[in-house]
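Worksheet: the structure to be examined is printed underneath.
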Amino acid sequence: MLKPAFQEPLKHLKGARTCDGDEVLRVLAEVEHGHPEGSMVLKALRDEEGALSDFEWSYANPAAHRLLGWRVEALQGRRLHEVPPELGLAGQFEAFHQVVETGEACLQVFSHASDGFDGWLQATVSRFRDGVLVRLRDITASYRAETGLRDTRDRMLELLEGTPDCFLSVDAHWRYTYLNRNALTLKGKPREKLFGRSLWDTSPELRGTVVEREARQVMAERVASRFEVLLPPFNRWFEMHAYPSGSGIAILFRDITGKKQLEQERDALLEREHSGRLEAEALARQRARELLAAREKLIQSEKLAVAGQLAAGVGHEINNPLSFVMGNIHFAVEQLAMLADVAPPGLIQETEEALCEAREGAERIRRIVRDLKTFARGDDAQLRPVDVHAALEFSLSMAMNHVRYRAQVVRCYGTVPPVWANEARLAQVFLNLLINAAQAIPEGDVASHRILLTTYGQEDRVVVDVTDTGSGMSPEVLARAFEPFFTTKSQGEGTGLGLSICHGIIKALRGELSAASMPGKGSTFRVVLPTRGEEAEALLPLLATGPAEPANVLGKRVLVVDDEPGIASVMRRIIGRGNEVVVARSGREALTLLERDTDFDRIFCDLMMLDLTGMDVHAALAKSHPECLSRLVFMTGGGFTERARLFLQRFSHPRIDKPFEPELIRRLVAQSPPRL
């Protein structure tokens, strides 16, 4: 129930028709009454000397009452200075005063909290006779979104300012748009003297160098470039990475003078010892290649480590709210389906369609998060059953920017069992093969070219073929395709390590990688992998989520342990009628409850919580109430720590990944073990 914003009861205006018989205000009231945005008219009050001293409400439409959370009788006829100071509207006197005195409209944004509303309002204030007309709009969602984007931008700036490398960006006209602290140190000028000025005007020493050539090529072709250059003004070597950014480009560069000096010293030593030491020179070249390969792998590992941590964190944070969003949508669809038989035809159809569309959107988010989790497990060497079709689709989504302008993708998927592999590393192999296939096809003739993905079973193995209609390879090139450092690409476009690394990954998975090709007719790369063997029994007990008959759940007692309130609410709705659901919002609260009452059919426990983790709850129950362990089901949003991985490998409790299917929860409750 709405509460008044003021303490003293006063007479109120019954409507706009009683406002001094003002016909204009009456018409305004009729027009604004049904408007979805809040609308208010405040009359200016002046003292004996004519100075504006306060404002008095003449009218407010129903939308304004809903936004402000005040009753009509507590608003109409009251003055602005009587509004409690803790409410955002109380601070708008000066803005209203300025509009009345100058006649110029203004836009105000302020926070407002009352019964029924807690957020941000945008007030459009314009002069209305001797007073103001105020339009109110709820901008809470957009304001918070802008705040989130601003925070993200600030964090990105912190990362750029904290990196040991130099970074700058320019627009399409080569004008500086950003330089980080290290780049400013190198230039020796403050930002205000560089922003808006041309890169070539402020750095004339770069004209005619490889830097200008590569930068202009990146600007024109929108393809990233990495190169090394000696800059005479600094007499130092730099490794530069230029890539498209918006309508301009960004350049990341680091000082590698020390490395180059070491390389020069090494080359000088090799030159002096060349005579009579050809065998030693060959060994030194081999070591140099290993050093370069290790350097490339180290750079890639660092990037993947950072990106993997970000992906894992983002996926975990999204999965919790996504769980109760999807659960509530599913619950709402079920409830509408129950009403379909009693409601008039077509009454709830549009609502049901809207919820189904929302569920499709949530499913898309879940697939994106799943891809993030796959990427985040890039350094996880554990083998597990992997769906090759899912790995192919994930890799294809990552490679689509390379594929979409060159060829159409044709899928010929057979019915195949899971393979025994590492999901992230298998996806890395498929991604490399897809990109190579795309690069073998010229751009601009998509209708004439195909990339064919074929899968089929072969005894206890699964075969995956990636076939393109590109330029193909000669027998000489095909014979060296998997040789390390061998590449037909121009310098700077490839290291020659991609296929050799893929070959090593597949070989480590006890599989085979081979190639067949004809010049001018395309190539086929074949991956053969073993299916699940006896080793699969040692896997974590991932709960089956396949189709099943709907579970009839009645008379069960269920404990839900999760520090995310939305998860507890949606679990209560899913398990729902005919059952008792008890919620503990932390691991500590759950243990306290279980000391008094252990009579539960199922205990759903979040694995990672801030207070006590699910692992801590398990350890405590193992000591005090071991009979409860058989009823435990762990829930996780995917943010595994090393401790969590070891725990799940050691104990065979069921685990469900968020977001989960409601029917799976009901089946788990229905199939709960008997209480001892």
Side-chain angles (χ1 to χ4, degrees), residues 319-320 323-324 327 537-545 548 551-641 643-676:
N319 271 334
N320 272 321
S323 296
F324 56 80
E537 299 299 324
L539 285 175
L540 299 178
L542 293 174
L543 203 58
T545 59
N552 186 15
V553 185
L554 290 173
K556 301 289 186 176
R557 294 190 77 230
V558 178
L559 175 61
V560 178
V561 186
D562 202 306
D563 56 3
E564 180 67 57
I567 297 295
S569 297
V570 77
M571 291 283 284
R572 191 190 301 274
R573 293 191 185 98
I574 290 173
I575 299 170
R577 305 181 185 89
N579 302 282
E580 180 185 355
V581 180
V582 180
V583 174
R585 302 195 182 281
S586 70
R588 200 176 304 277
E589 182 181 339
L591 292 177
T592 302
L593 173 64
L594 289 169
E595 284 298 319
R596 304 191 307 268
D597 182 7
T598 61
D599 197 19
F600 292 100
D601 296 284
R602 271 294 183 202
I603 302 175
F604 291 94
C605 184
D606 192 16
L607 187 65
M608 306 301 295
M609 295 181 287
L610 295 177
D611 179 14
L612 292 178
T613 67
M615 297 170 281
D616 298 325
V617 172
H618 179 277
L621 290 179
K623 294 180 180 179
S624 59
H625 299 289
E627 70 277 8
C628 295
L629 296 181
S630 63
R631 308 171 209 164
L632 269 175
V633 175
F634 286 108
M635 304 180 293
T636 174
F640 292 139
T641 62
R643 179 192 175 199
R645 288 193 183 93
L646 294 175
F647 173 82
L648 292 173
Q649 291 174 3
R650 180 180 177 187
F651 297 101
S652 59
H653 295 288
R655 165 168 65 88
I656 56 177
D657 290 332
K658 301 174 184 176
F660 37 72
E661 293 293 338
E663 197 56 43
L664 172 61
I665 300 298
R666 296 189 183 114
R667 290 207 309 272
L668 283 169
V669 174
Q671 299 169 5
S672 58
R675 306 180 203 168
L676 300 179

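Quick caveat, the model's predicted, so the values are computed rather than measured.
A distance of 13.0 Å separates OG1 in Thr592 from CG in Asp597, rounded to the nearest 0.5 Å. Rounding to the nearest 0.5 angstrom, the gap separating the CG atom in Leu559 from the CG atom in Leu632 is 9.0 Å. Note that CG of Leu621 is 6.0 Å distant from CG of Leu591, once rounded to the nearest 0.5 Å. For the atom pair Thr613 OG1 and Asp616 CG, the distance stands at 3.5 Å (nearest 0.5 Å). Rounding to the nearest 0.5 Å gives a distance of 9.5 Å between CE of Met615 and CG of Leu646. For the atom pair Cys628 SG and Leu594 CG, the distance stands at 5.5 Å (nearest 0.5 Å).
Under the 3.5 Å distance criterion, the side-chain polar atoms of Asn579 are left unmatched by any main-chain donor or acceptor of Arg557. With Arg666 contributing its side chain and Ile574 its backbone, the two residues share a donor-acceptor pair below 3.5 Å.
Every side chain to side chain contact (heavy atoms under 4.5 Å, CB included) that Pro673 has, sequence neighbours left out, goes to Arg602, Ser630, Arg631.
Remark: of the listed residues Val581, Ile567, Val560, Val581 is the sole one forming a side-chain contact (heavy atoms from CB on, under 4.5 Å) with Arg572. Screening Glu564, Arg655, Met608, Met571 for a side-chain contact (heavy atoms from CB on, under 4.5 Å) with Met635, the sole residue that qualifies is Met571.
Residues Asp611 and Met609 fail the side-chain proximity criterion, which asks for heavy atoms closer than 4.5 Å. Residues Phe604 and Val669 form a side-chain contact, since some pair of their non-hydrogen atoms from C-beta on lies under 4.5 Å apart.
Here the closest non-hydrogen pair linking Leu607 and Thr636 is CB-CB, 4.3 Å. Taking every heavy atom of both residues into account, Val558 and Phe600 meet most closely at C-CD2, 3.8 Å. Considering every non-hydrogen atom in both Asp606 and Lys658, the closest pair reads OD1-NZ, 3.4 Å.
By the 30° and 60° cut-offs, the orientation of the rings of Phe647 relative to Phe634 is perpendicular.
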**OP:** Please test Ile665 against Ile656 for side-chain contact (heavy atoms from CB on, under 4.5 Å), starting from the C-alpha separation and ending with a verdict.
**Re:** CA-CA 9 Å; Ile665 300 298; Ile656 56 177; 3.5 Å; yes
